[in-house]
Novice: 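Let me begin by handing over the structure; questions about it come next.
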Amino acid sequence: MMYLTQDKMRHLSIKSLLLLLIITCQKNNLSEGNSTYLPRMTFTDKEIAFRRLRFHGHHTGILTVQEEQPDIVTAAGQRHLHSFDFQNHGKTVGRDVLWKECAGSGAISGACNYNITVLHKRNEANQLFLCGTNNEDTTCCNMNISEPSSPCTSSKDIVKIKSSIKEFSIKQGEPSVLIERGGHSELYITHSGAQDCVGIHKFGENRVEPASQRKEQQYVGLVLSRQRDDPLQDKLYAFYKEKNTDFGMDSDMWLPFVSQVCMADKGGSKSYRQFMWTSQLNARLYCGGRDRRQHYSELVDVAAAHADQWQHTRVYALFRNEWGMSAVCVYTIQDIEKIFRHSSFKGHSTKIPSPRPGTCVEDSTKLSFDVLKVVEDNSEMVDRVLPLNDTGPLLVSHHHYTHICIDSFYNKRNQSHTVLFLSLENGRIHKVMEDKSQAFFISEYRPFNHRAHIVSMVLHSSSRKLYVSSSSELVQLDVGSCAGYGARCEECNLARDPYCSWNGTHCSPDTQETETLQDVVEENHTECPEENAFEKVSTSLSVGGKKESMEHITVPLRAKYFLQCPMSSHHAEYTWHHPNNLTSCSPTEQQCLVLIDSMGPDQEGTYRCVSSEKGYNRTIALFHLQLDRSAAGQASSPLTWVYLMAVVLAQGTSVIAIQ
Ligand SMILES: *[C@@H]1O[C@H](CO)[C@@H](O)[C@H](O)[C@H]1NC(C)=O
Ligand SMILES: *[C@@H]1O[C@H](CO)[C@@H](O)[C@H](O)[C@H]1NC(C)=O
Ligand SMILES: *[C@@H]1O[C@H](CO)[C@@H](O)[C@H](O)[C@H]1NC(C)=O
Ligand SMILES: *[C@@H]1O[C@H](CO)[C@@H](O)[C@H](O)[C@H]1NC(C)=O
Ligand SMILES: *[C@@H]1O[C@H](CO)[C@@H](O)[C@H](O)[C@H]1NC(C)=O
Ligand SMILES: *[C@@H]1O[C@H](CO)[C@@H](O)[C@H](O)[C@H]1NC(C)=O
Ligand SMILES: *[C@@H]1O[C@H](CO)[C@@H](O)[C@H](O)[C@H]1NC(C)=O
Ligand SMILES: *[C@@H]1O[C@H](CO)[C@@H](O)[C@H](O)[C@H]1NC(C)=O
Ligand SMILES: *[C@@H]1O[C@H](CO)[C@@H](O)[C@H](O)[C@H]1NC(C)=O
């Protein structure tokens with residue numbers, strides 16, 4: 001029989017605690033390996049106020065933000081529209097969609113049970129375009145959301161869309177684009193799956209559809225390329241993944257593709273490919289390392305950063321591979337265009353007819369049989385589209401990302417910046433800065449209090465508001481908020497957030513008019529004004545310094561202690577300097593503690609936690625432990641655990657003791 005002495009018990013608990021810590025650290029190390037890929041900061045409800053509103057009823061995942069009123073979001077339910085006003089105490093207005101088809105007898109027969117499947121802002125303020133699909137047909141209309149109960153009406157420009165889309169069944173969640181061109185508008189929408197009608201569809205003045213094919217395709221995004229010198233060359237690019245029909249051992253389940261169609265395309269002649277695309281060409285995308293050993297083939301989502309010159313517009317594509325890794329690759333429209341203009345056609349060996357298949361022409365119904373035959377039989381390009389400058393992925397991660405949003409802008413010093421927002425499977429968001437084809441993980445936002453599945457994510461760039469929705473909640477994130485990075489110039493610069501800069505007293509939004517300091521690319525914190533001696537590091541253990549407030553703690557003999565260092569940056573190294581010893585914590589650890597197994601005279605003294613990041617060192621916690629000599633001799637209870645938590649000195653040190 002074995003007795004556990006009090007000492008052994010204490011030892012055991014300390015051991016199991018250490019074990020727990022080791023397990024946490026290892027888990028973290030395994031999933032990250034390298035702190036470069038850890039978001040530098042974590043923002044929860046404690047650091048940032050997220051504004052959350054609940055959905056009543058079903059949410060389809062369709063969201064739009066009014067350009068002029070960035071705090072008002074319209075979300076589509078199955079049959080209703082809900083407007084959420086984040087400014088006005090979260091006032092929510094629900095609206096039934098009054099389809100014209102439902103007036104009178106339609107409503108009674110139940111034929112008007114339209115589910116909302118498309119929602120777009122129109123150019124005119126407060127006007128929305130929406131489509132609904134039921135078991136039989138599809139209808140589209142316009143709504144004026146500044147009127148409390150306006151019917152969904154037709155307008156002259158959408159008459160042709162309405163008539164051509166009637167028989168078409170829109171699937172929930174398909175990408176679509178509304179083009180408003182004076183008298184007649186056009187709607188481009190994809191159809192995913194493995195049926196006959198899979199592909200890109202155009203409705204409006206000209207109805208153009210894909211030729212039937214036996215391929216399974218899932219569409220993830222449409223990107224418009226307009227404002228070319230010659231508007232005839234305006235194109236639409238569709239990004240999708242296609243089920244691989246090669247079932248070899250090493251073959252991937254999905255292959256990533258981009259398709260082009262000319263916006264001027266009206267379909268072929270009466271005798272051949274009438275109303276079918278005459279300009280559609282497809283090219284494989286490649287995302288992976290330059291050595292071609294590791295690659296990513298399952299396309300998940302795309303987002304475009306439009307440039308003043310169409311050639312320089314970039315498409316950020318989010319991929320996954322079968323090992324659960326994610327990657328983002330960047331493609332330019334110029335590179336995509338080059339492949340479609342110059343690559344040879346797969347399976348076509350004879351002379352390429354003129355005009356080259358895929359060239360946009362004034363009247364596609366007059367294209368020769370030879371040209372259309374190549375489009376029909378050999379629409380895939382031999383060459384693949386490679387990432388920008390063939391640099392490989394912009395980022396690679398063990399995380400499972402689900403959506404991507406891009407903000408590309410010039411700051412007030414006219415420097416160009418790109419910020420990426422990536423949603424995770426568990427409801428969190430990573431904010432990443434692109435820096436010379438390298439990714440810098442600025443922060444992780446945790447907008448939900450629980451694990452949540454994000455169904456959509458929309459960015460309103462000019463107000464720097466990101467909206468994310470789960471099936472039950474809509475959250476507004478102020479991604480331009482800068483106060484969370486710290487109260488010092490160095491901390492502000494180390495954050496490398498292109499939305500923020502130091503205005504002399506605060507880390508504040510870069511939109512302010514005052515002269516500010518910031519160099520997010522070089523991360524040059526030495527540009528900050530000299531601070532007093534306390535701010536500069538003093539690793540000596542002497543007590544002193546006016547601002548250096550130290551917590552004095554008296555501890556009973558043989559008691560156990562924890563001292564915790566507040567870790568805010570996951571890119572910093574933290575070191576506890578304590579009597580005759582040092583304890584270092586790596587950035588991947590979640591806590592930085594000093595454990596005192598048993599308080600004694602040797603443990604008396606000053607405990608200082610110093611953070612060190614890119615050469616900037618700072619004391620962030622300071623304690624003085626003293627033995628409680630009055631209590632000497634009394635054995636402390638083994639169950640008495642004192643847990644001390646230091647809070648950043650500048651905010652006043654506080655100690656929490658839990659017994
Ligand atoms: C982390 O990864 C980056 C990029 O691959 C590399 O440059 C850096 O040296 C790595 N750091 C460590 C500590 O392994
Ligand atoms: C409408 O949406 C609901 C809920 O998503 C679904 O169950 C129903 O089948 C849809 N109806 C049609 C006609 O698509
Ligand atoms: C939308 O409604 C507002 C308020 O009633 C009105 O001022 C505006 O003219 C309407 N817009 C259109 C296009 O009908
Ligand atoms: C890509 O290459 C061009 C010219 O070779 C260069 O000017 C540009 O900086 C490169 N871009 C990146 C992101 O490396
Ligand atoms: C900003 O920089 C771009 C090139 O980087 C230049 O073309 C443009 O004129 C600049 N704008 C201003 C307002 O300086
Ligand atoms: C700096 O920013 C803070 C907060 O954003 C603001 O209160 C303060 O007035 C600004 N100071 C200057 C000099 O603009
Ligand atoms: C940072 O800025 C300081 C002052 O402007 C300058 O002397 C130093 O060379 C810069 N360091 C780097 C790495 O750019
Ligand atoms: C310093 O601490 C480590 C573990 O925290 C311990 O193994 C070592 O013996 C200590 N060294 C001294 C001189 O106390
Ligand atoms: C800052 O801290 C690091 C790690 O503790 C140390 O190597 C470095 O010498 C310190 N730098 C200064 C200027 O004290």
Side-chain angles (χ1 to χ4, degrees), residues 35 55 57-62 66 68-69 72 74-81 83 93 95 97 99 101-102 106 109-119 121-139 141-158 167-174 180 185 191 193 455 471-472 490 494 525-526 528 530-531 533-541 565 567 569 571-578 581-587 592 608-621:
S35 71
F55 288 121
H58 183 82
H59 168 52
T60 56
I62 308 178
Q66 289 300 101
E68 324 75 42
Q69 289 168 300
I72 300 183
T74 304
Q78 191 179 317
R79 307 265 160 83
H80 315 273
L81 291 182
S83 293
V93 179
R95 268 193 197 85
V97 179
W99 307 98
E101 287 73 6
C102 297
S109 68
C112 77
N113 284 336
Y114 292 107
N115 279 3
I116 300 171
T117 46
V118 169
L119 180 66
K121 282 177 289 200
R122 298 205 48 158
N123 293 343
E124 200 175 334
N126 299 321
Q127 290 286 311
L128 294 177
F129 169 84
L130 56 164
C131 297
T133 302
N134 66 15
N135 290 323
E136 277 134 42
D137 60 14
T138 292
T139 185
C141 54
N142 300 315
M143 253 170 106
N144 184 346
I145 53 161
S146 55
E147 282 178 356
S149 72
S150 74
C152 203
T153 55
S154 188
S155 58
K156 224 174 124 211
D157 67 305
I158 67 163
E167 317 268 278
F168 183 75
S169 174
I170 301 178
K171 288 176 86 170
Q172 197 71 255
E174 293 286 344
E180 296 185 49
S185 298
H191 196 90
V455 292
S471 59
S472 60
E490 288 86 350
L494 285 169
H525 64 76
T526 55
C528 288
E530 280 285 312
E531 291 181 90
F534 162 68
E535 312 292 353
K536 287 271 156 202
V537 129
S538 62
T539 35
S540 77
L541 297 183
C565 186
M567 295 172 87
S569 164
H571 291 181
E573 233 176 72
Y574 293 85
T575 310
W576 272 108
H577 299 258
H578 48 92
N581 215 339
L582 283 178
T583 309
S584 288
C585 306
S586 92
C592 188
R608 179 194 299 271
C609 184
V610 178
S611 72
S612 169
E613 184 173 0
K614 305 263 161 66
Y616 174 61
N617 293 7
R618 192 167 74 86
T619 298
I620 51 174

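Because only heavy atoms are used, hydrogens play no part in the values below, and waters and symmetry mates are left out as well, while side chains stay in. Heads up: numbering here begins at 1 and tracks the sequence. In listed order, ligands and their atoms are each counted from 1.
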Novice: Any idea which atoms of ligand 3 are less than 4.0 Å away from a heavy-atom of Glu124?
Specialist: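 Those atoms are 13 (C).
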Novice: Between Cys152 and Cys141, is the SG-SG gap less than 2.5 Å?
Specialist: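 Bridged: Cys152 to Cys141.
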Novice: Using a 3.5 Å cut-off on N/O to N/O, what pairs does ligand 2 make with the protein? A line per pair would be great.
Specialist:
from     : atom 1 : to     : atom 2 : distance (Å)
ligand 2 : 2 (O)  : Asn115 : ND2    : 2.2
ligand 2 : 11 (N) : Asn115 : ND2    : 2.9

Novice: Run the salt bridge (charged side-chain N to carboxylate O under 4.0 Å, His left out) test against Glu180 and tell me which residues pass, sequence neighbours left out.
Specialist: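 With sequence neighbours excluded, Glu180 shows a salt bridge (charged side-chain N to carboxylate O under 4.0 Å, His left out) to Arg122, given in chain and number order.
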Novice: Taking 4.0 angstrom as the limit and counting only heavy atoms of Glu147, give me the atoms of ligand 3 inside it, by number and element.
Specialist: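 Every atom of ligand 3 under 4.0 Å from some heavy atom of Glu147: 2 (O), 4 (C), 5 (O).
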Novice: Only one of Ile116, Asn115, Val97 passes side-chain contact (heavy atoms from CB on, under 4.5 Å) with Arg79; say which it is.
Specialist: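 It is Asn115, the one option of Ile116, Asn115, Val97 that forms the side-chain contact (heavy atoms from CB on, under 4.5 Å) with Arg79.
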Novice: Return the CG to CD1 distance between Asp137 and Ile170, rounded to the nearest 0.5 Å.
Specialist: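 If we round to the nearest 0.5 Å, Asp137:CG and Ile170:CD1 are 10.5 Å apart.
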Novice: What atoms of ligand 3 come closer than 4.0 angstrom to any heavy atom of Ser146?
Specialist: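 The list of qualifying atoms is 1 (C), 2 (O), 3 (C), 4 (C).
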Novice: Let's test your reading of the model: do Cys585 and Cys565 have SG atoms under 2.5 angstrom apart?
Specialist: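 Looking at Cys565 and Cys585, their sulfur gamma atoms do not lie closer than 2.5 Å, so the answer is no.
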Novice: The criterion is salt bridge (charged side-chain N to carboxylate O under 4.0 Å, His left out); which residues satisfy it with Arg95, sequence neighbours excluded?
Specialist: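 None.
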Novice: Judging by distance only, is a nitrogen or oxygen of Asn617 under 3.5 angstrom from one on ligand 9?
Specialist: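 Between Asn617 and ligand 9, an N or O pair is found under 3.5 Å apart.
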Novice: Check side-chain hydrogen bond (donor to acceptor under 3.5 Å, both in side chains) between His191 and all other residues, then give those that pass, not counting sequence neighbours.
Specialist: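 side-chain hydrogen bond (donor to acceptor under 3.5 Å, both in side chains) check on His191 returns nothing, list empty.
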Novice: For residues Val118 and Ile62, report the shortest heavy-atom separation together with the two atoms involved.
Specialist: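 The answer is N-CD1, 4.3 Å.
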